[in-house]
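Everything below concerns the one structure shown next.
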Amino acid sequence: MAVLLDPHGRKIEYLRVSVVDSCNLRCFYCRPGNLCKPRSVRGQLSRQQIVQVVAATAKAGIRKVRLTGGEPLVRKDIVEIVREIAKIPEIEDLSLTTNATLLAELAKPLREAGLKRVNISLDSLDGRNFEQITCGGKIQATLDGIDAAFAAGLTPIKINMVVMKGINDHEVQSFARLTHDRDVHVRFIEYMPMLGQDDLWQKHYLSSREIMALCEAVEPMEPWLQEDLSGPARNFRYQQAIGRLGFITPVSQHFCSQCNRLRLTSDGKLRPCLFSAEEVDLLPTLKSGEDLLPLFYEVLQKKPEHAEASPAAQGSRCGPRGMVEIGG
Ligand code: SAM
């Protein structure tokens, strides 16, 4: 089977596919103010085009696909997208990142279509705080979605919390305690300085070291070294706990040397790195039906050895993009 290596010797086998750049929540930190162009301006890949890109990258060496957005579940054809990608023989792992608000309805059909597991973004366990962070979202929909994901067997379930000082850091310990009796992997993610968010970031950034100290204050943690949680997190658990804790440090301690991913935006641009301004437009080649592989190799050559988590880096020749548009 083909192996995709970048110029720095990293094996690239993971493609993050943003299927849509709109979202049904409006988390205040995820959108770069009015810099986001509406989807109608950028256009959006069709289901066939998404599947075509994944199939071609699979031939080149991609083995893992994660669907994201925007909110991937707002796409009406998300179950079909999953079904078609799941049929690509080289793809060994197909997962999805979601706010779970639509998962109560969709967990079972997605599982039946071939989805293996989900990462769920949840920044508060308190209804009022959730509403404030998401600008009006209702927490119950997400909680129902989490239950549905368990019932459908979309496991192991990872719950991702972006920790922000003065916003939700007082809830870190409640999230950590969830692992006592639920088989969840709670991951605390450092708030990254995305485009147009300098002031917010300065005010609310909290390092993983500080987040870990909050978790340690609940009770001592021990390292969890099992392979099944491969990814950028450093993993721990409380001694008697069922679930696990993970700490992801894109700002305080980058993990570029282990990076194995490329990103596809919902408007058809292949990006070598979240924090690189480089991207290659696949759309003309998709339309003409020519071979996509030369473009993958072009993007691969542009993959930086290291990119600083900095807002300046995130623009592109197509204009600035926020996390909601690149795909988190
Ligand atoms: N809508 C889906 C969801 O909520 O999971 C997928 C897309 S969302 C952009 C993916 C993740 O990016 C979410 O967990 C969100 O919290 C995270 N994210 C957005 N902006 C971020 C930032 N500045 N720093 C760290 N994580 C961020």
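Both counts, for ligands and for their atoms, begin at 1 and track the order of listing.
Heavy atoms of Thr97 found under 4.0 angstrom from ligand 1 belong to the backbone as well as the side chain. With a heavy-atom cut-off of 4.0 Å, Thr98 touches ligand 1 through its backbone alone. Of all the heavy atoms of Asn99, the ones lying under 4.0 Å from any atom of ligand 1 are found in both the backbone and the side chain.
Across Met192, Met161, Met164, Arg16, heavy-atom proximity to atom 24 (N) of ligand 1 is greatest for Met192. By heavy-atom distance, the residue among Cys23, Gly70, Ser121, Cys27 lying nearest atom 1 (N) of ligand 1 is Gly70.
Taking the six-membered ring wherever Trp is involved, the centroid distance between the rings of Tyr191 and Tyr205 does not fall below 6.0 Å.
At most 12 non-hydrogen atoms from other residues, nucleotides or ligands lie less than 6.0 angstrom from NZ of Lys108. Shown here is Glu222, whose CD atom has more than 12 heavy atoms of other residues, nucleotides or ligands within 6.0 Å. Around atom CD of Glu105, no more than 12 heavy atoms belonging to other residues, nucleotides or ligands sit under 6.0 Å away.
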Could you please spell out the steps behind the side-chain hydrogen bond (donor to acceptor under 3.5 Å, both in side chains) verdict for Gln253 and Ser208? CA-CA 9 Å; Gln253 208 182 337; Ser208 250; over 6 Å; no

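Atoms of ligand 1 lying under 4.0 Å from any heavy atom of Glu190, numbered from 1 in the order shown and given with element: 25 (C). Set against the non-hydrogen atoms of Thr68, the atoms of ligand 1 under 4.0 Å away are 6 (C), 7 (C). Close contacts between ligand 1 and Tyr191 involve ligand atoms 22 (C), 23 (N), 24 (N) [criterion: under 4.0 Å to a heavy atom].
Geometrically, ligand 1 and Gly69 share no nitrogen or oxygen pair separated by less than 3.5 Å. Polar contact with ligand 1: present for Tyr29 (N/O pair, distance under 3.5 Å).
The two residues Ile120 and Ala100 make their nearest non-hydrogen contact at CG2-CB, 3.7 Å.
The salt bridge (charged side-chain N to carboxylate O under 4.0 Å, His left out) test with Glu278 is passed by exactly one of Lys302, Arg263, Lys303: Lys302.
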